[in-house]
Structures are given as C-alpha cells and as structure tokens.
A.B. asks: 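For reference, the structure I am asking about is given below.
Sequential numbering from 1 along the given sequence is applied to the chain's residues. As a basis for the values below, the full set of heavy atoms in this structure was taken, side chains included, without hydrogen atoms, waters or symmetry mates.
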Amino acid sequence: MTPRSALFLAALVAAQATAQSPVAVPGINRDVTSAELRDYARLPVCTLSADGKRLAVEPCRTAPARVPMPRRPVPLTIQRMPIVKQAPQVAMPSAPPVPSMQTLLTPPNAPQVLNGCSTTGCYDANGVHINNAGPGTVVSPTGKLCQRNGALMQC
C-alpha cells in the first residue's frame, strides 16, 4: 500500500466515523442528527453582500476547509546571539581649568552694578569698595580706571 492510498483510506474511515456519530457545532450545545447535517450541507456558502456590511444570503454555511491546508508544522530553530565585544575605553581629554567664582559672577567687560554710593566711592555686588577717581571715573580693586554711569561701572 502506498502512502498516498493509506492517507486516502484514513480520510475515508474518518469521514465514515463522523457521519455515524453526532457532531458538535460550535455555539450549539446539543447533538446534531444526520438529517440536520444534510440540511446544513445544502445551504449556500456564506458570502458578503455587495456593500460588504452584511451576509448576502441567510441562512448560510461556513466555507469548507482549503485543500491542502495552508498551515503546517515547522520545527523551531533558535540561533545563538553573536558575541559582541565591547569597544576599548578611550581616555577623556582633560577639562579646561574652572574659572573662579568672581569670573562666573561678572563676565569680562560686563557692567557691574554699584550699591551704596557716597562721596568716597561705591560698593559692588560682592561688597568690595570701589574708590572715586573723579567725575564719571572710579578705580577698581585691581587698580584699573573704569567708567561710572549712575549705578553701573564698566571697565
């Protein structure tokens, strides 16, 4: 007996067993007789109407299974992940020197705000006394001559 004929014979035996025993239809909780199966087989296959929103004919039966069946078992193959080497560590360049707090508060050539001015001089935002050198001119703590315009000083 060839494998093809054995398969055909097994399908024929399965069909005979199905026709003789009651069949459970999904959604129905009772046994179905062979007369009901024949009536169900006479119904047209379910199709959608032209607008695609409802069935074209009711009642209808589900479409038969396609031959050959589209699904087949496939062995699961899991491949190992490739080994990834880490990149070598690169030395970071040295950082530039951190500016002093005085430089952060007052950038170069930026006007400084003066407080508590009198005839002898004024105080800057850090509380350092700045001496008057004449009208519109002051001497900074480093000895520079700076311009004074009201409450602002610029060197």
Side-chain angles (χ1 to χ4, degrees), residues 1-117 122-130 140-142 144 146-155:
M1 178 182 288
T2 65
R4 190 172 189 181
S5 61
L7 184 64
F8 177 73
L9 184 60
L12 195 66
V13 170
Q16 288 274 338
T18 304
Q20 292 175 357
S21 64
V23 175
V25 176
I28 300 175
N29 293 331
R30 59 184 173 83
D31 293 338
V32 178
T33 63
S34 61
E36 288 175 330
L37 284 176
R38 282 193 299 272
D39 292 342
Y40 180 75
R42 285 190 206 121
L43 293 174
V45 175
C46 294
T47 57
L48 290 177
S49 63
D51 61 0
K53 295 182 179 179
R54 55 187 167 76
L55 292 174
V57 179
E58 288 188 44
C60 60
R61 65 180 166 92
T62 58
R66 291 190 290 176
V67 177
M69 294 295 287
R71 294 187 209 161
R72 60 184 175 82
V74 177
L76 180 64
T77 304
I78 300 175
Q79 296 178 352
R80 296 188 71 108
M81 294 292 294
I83 298 172
V84 179
K85 295 181 181 176
Q86 289 186 340
Q89 294 292 330
V90 178
M92 296 295 294
S94 62
V98 178
S100 66
M101 190 58 129
Q102 178 68 23
T103 308
L104 292 176
L105 292 177
T106 56
N109 298 328
Q112 293 182 3
V113 178
L114 301 176
N115 300 325
C117 293
C122 301
Y123 292 95
D124 68 359
N126 296 326
V128 177
H129 189 266
I130 298 172
S140 70
T142 58
K144 287 186 191 177
C146 301
Q147 298 295 318
R148 178 178 165 213
N149 186 3
L152 295 176
M153 174 186 77
Q154 187 168 8
C155 294

A.B. asks: Please check this pair: side chain of Asn126 against backbone of Val128, looking for a donor-acceptor N/O pair closer than 3.5 Å.
C.D. replies: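 Judged by distance alone, no pair lies under 3.5 Å.
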A.B. asks: I'd like to check the salt bridge (charged side-chain N to carboxylate O under 4.0 Å, His left out) partners of Arg80; sequence neighbours left out, ordered by chain and number.
C.D. replies: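 With neighbours one apart ignored, the set is empty.
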A.B. asks: Would you say Asp51 has more than 12 foreign heavy atoms packed within less than 6.0 Å of its CG?
C.D. replies: yes
A.B. asks: Would you name the heavy atoms of Cys117 and Arg148 that are closest together and state the gap between them?
C.D. replies: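 Closest approach of Cys117 to Arg148: SG-NH2, 3.5 Å.
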A.B. asks: For residues Val45 and Thr62, report the shortest heavy-atom separation together with the two atoms involved.
C.D. replies: CG1-C, 4.5 Å
A.B. asks: Shortest non-hydrogen contact from Pro44 to Pro59?
C.D. replies: CD-O, 4.0 Å
A.B. asks: Identify, with sequence neighbours excluded, every residue that meets side-chain contact (heavy atoms from CB on, under 4.5 Å) alongside Leu152.
C.D. replies: Val113
A.B. asks: Indicate the atoms forming the closest heavy-atom contact of Val57 with Cys60, along with that distance.
C.D. replies: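 That would be O-CB, 3.6 Å.
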A.B. asks: Report the distance from atom CG of Leu37 to atom CZ of Arg42, rounding to the nearest 0.5 Å.
C.D. replies: 11.0 Å
A.B. asks: State the CD-CD distance between Gln154 and Gln147, to the nearest 0.5 angstrom.
C.D. replies: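 Rounded to the nearest 0.5 Å, the CD-CD separation comes out at 9.0 Å.
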A.B. asks: Could you state the interatomic distance from CG (Asp124) to CE (Met153), rounded to the nearest 0.5 Å?
C.D. replies: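 Interatomic distance, Asp124 CG to Met153 CE, rounded to 0.5 Å: 6.0 Å.
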A.B. asks: Which value, rounded to the nearest 0.5 Å, describes the distance between Cys146 atom SG and Gln112 atom CD?
C.D. replies: 7.5 Å
